[in-house]
Asks: 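Please read through the structure below; I'll follow up with questions.
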Amino acid sequence: MRDNERVTSAIREPETPAATTPPRLIATDLDGTLLRDDKSVSPRTVAALAAAEEAGIEVFFVTGRPARWMDVVSDHVHGHGLAICGNGAAVVDLHGGPGAHRFVKVRDLPRNNALEVVGLLRDAAPGTVYAVEQTYGFYQEPAYPKLHMEVPDDLAPAEELLADGSPTTAEPVLKILAFHPEMDPDAFLTLGRLAIGDRATVTRSSPSALLEISGPGVSKASTLALCCAERGISHEEVVAFGDMPNDVEMLTWAGRSYAMGNAHPDVLAAASGRTVANNDDGVAVVIEQLLNGRM
């Protein structure tokens with residue numbers, strides 16, 4: 001998450017047809033957006049989410065997090081109880097609580113694509129190390145750093161982890177994580193997208209040089225669009241929030257979108273509006289104004 005210029009209030013954009021359309025769904029990222037830096041959900045934000053649901057506006061958490069990391073918001077799901085995880089790779093029912101979630105929709109990364117991606121990125125950026133994210137399992141190469149307090153199910157080169165007959169074949173692959181110990185994060189993202197092309201979707205949400213690689217066409221935006229279509233909700237009726245490059249497509253797609261005050265420059269450019277930083281409850285600020293009819 002980048003520290004950019006903080007704004008002091010939600011900025012109302014000039015009136016557009018989308019801005020006058022009553023919202024039916026709020027789509028919000030978690031880390032750096034809804035969550036404060038200590039990974040908490042503030043009382044003000046909890047109240048704003050509940051008020052939105054009471055007003056008949058659905059709330060979707062749309063995150064790069066895997067389903068097993070959703071306990072941070074599992075107490076705050078209402079109504080449908082669904083979240084979009086893994087940058088759009090899965091739609092998860094959180095009603096069961098931590099450890100008891102149910103996968104409603106999975107949009108996997110084909111193994112042939114994953115193997116090709118690993119080889120292409122190894123050639124383009126020597127020193128890249130990998131992890132494999134699945135519906136329930138997590139595997140990594142020995143040199144992959146301990147970026148999270150998580151014990152992998154196995155350690156092996158990515159090519160072995162993705163090979164036929166490996167322990168990972170029991171579950172679909174949701175994401176490949178690619179880490180480079182020396183490259184600039186944005187430069188690594190640009191290089192990764194050029195090297196991989198349309199074989200997969202490449203994005204990032206970490207402050208480090210960590211790429212998140214999903215199936216072709218899989219993104220927060222495309223999976224959110226599917227969920228909205230199932231509900232008869234148009235993109236003009238969606239209000240979205242985000243802070244990092246993996247949010248750009250979603251913010252561009254939504255009828256109204258807000259970059260956090262702490263957002264990456266690409267997000268500030270993509271969103272139709274801005275709000276204050278995550279630590280200042282920027283999502284709640286906008287929801288309160290929406291419900292009060294001031295936006």
Asks: Would a single hydrophobic cluster contain both Val106 and Leu162, if residues Ile, Leu, Val, Met, Phe, Trp and Tyr are joined by side-chain heavy-atom contacts under 4.5 Å?
Replies: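 In one cluster: no.
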Asks: Any salt bridge (Lys or Arg N to Asp or Glu O under 4.0 Å) involving residues 110-130? Give me the pairs, sequence neighbours left out, ordered by first then second residue.
Replies: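 The answer is Glu116-Arg199, Arg122-Glu141, Arg122-Glu159.
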Asks: Is the closest basic N to carboxylate O distance between Arg36 and Asp280 below 4.0 Å?
Replies: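 Asp280 and Arg36: not salt-bridged.
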Asks: Report the residue from Thr63, Asp243, Asn262, Val62 that forms a side-chain contact (heavy atoms from CB on, under 4.5 Å) with Thr33.
Replies: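 Checked Thr63, Asp243, Asn262, Val62 against Thr33; only one passes side-chain contact (heavy atoms from CB on, under 4.5 Å): Asp243.
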Asks: Centroid separation under 6.0 Å, is that true for the rings of Tyr130 and Phe179?
Replies: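 So the answer is no for these two rings.
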Asks: Yes or no on side-chain hydrogen bond (donor to acceptor under 3.5 Å, both in side chains) for Thr252 and Glu249, after CA distance, side-chain angles and deciding distance?
Replies: CA-CA 5 Å; Thr252 303; Glu249 292 88 350; over 6 Å; no
Asks: Test of understanding: with ring pair (Phe, Tyr, Trp, His ring centres under 6.0 Å), list the residues that count as partners of Tyr139, not counting sequence neighbours.
Replies: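 None.
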Asks: Give a yes or no on whether a salt bridge exists between Glu230 and Lys105, defined as a side-chain N under 4.0 angstrom from a carboxylate O.
Replies: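 Judged by the 4.0 Å cut-off on N to carboxylate O distance, Glu230 and Lys105 do form a salt bridge.
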Asks: Are any of the side-chain nitrogens in Arg68 or Glu133 under 4.0 Å away from the carboxylate oxygens of its partner?
Replies: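 Answer for the salt bridge query: yes.
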Asks: Specify whether Phe241 and Tyr258 have parallel, tilted or perpendicular ring planes, treating 30° as the upper limit for parallel and 60° as the lower limit for perpendicular.
Replies: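 Plane angle under 30°, so parallel.
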Asks: Quick one: which residue pairs count as a salt bridge (Lys or Arg N to Asp or Glu O under 4.0 Å) with a foot in residues 208-228, not counting sequence neighbours?
Replies: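 Checked against salt bridge (Lys or Arg N to Asp or Glu O under 4.0 Å) - neighbours excluded - the pairs reaching residues 208-228 are Asp29-Lys220, Lys175-Glu212, Lys220-Asp247.
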Asks: Closest approach of Thr169 and Ala163, non-hydrogen atoms and distance?
Replies: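 In this case the closest contact between Thr169 and Ala163 is CG2-O, 3.7 Å.
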Asks: Go through the side-chain N and O atoms of Thr45 and Ser42 and say whether any donor and acceptor fall under 3.5 Å apart.
Replies: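 Ser42 and Thr45 do have a side-chain donor-acceptor pair below 3.5 Å.
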Asks: Between the side chains of Glu236 and Thr21, does any donor sit under 3.5 Å from an acceptor?
Replies: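 No, no side-chain donor-acceptor contact under 3.5 Å.
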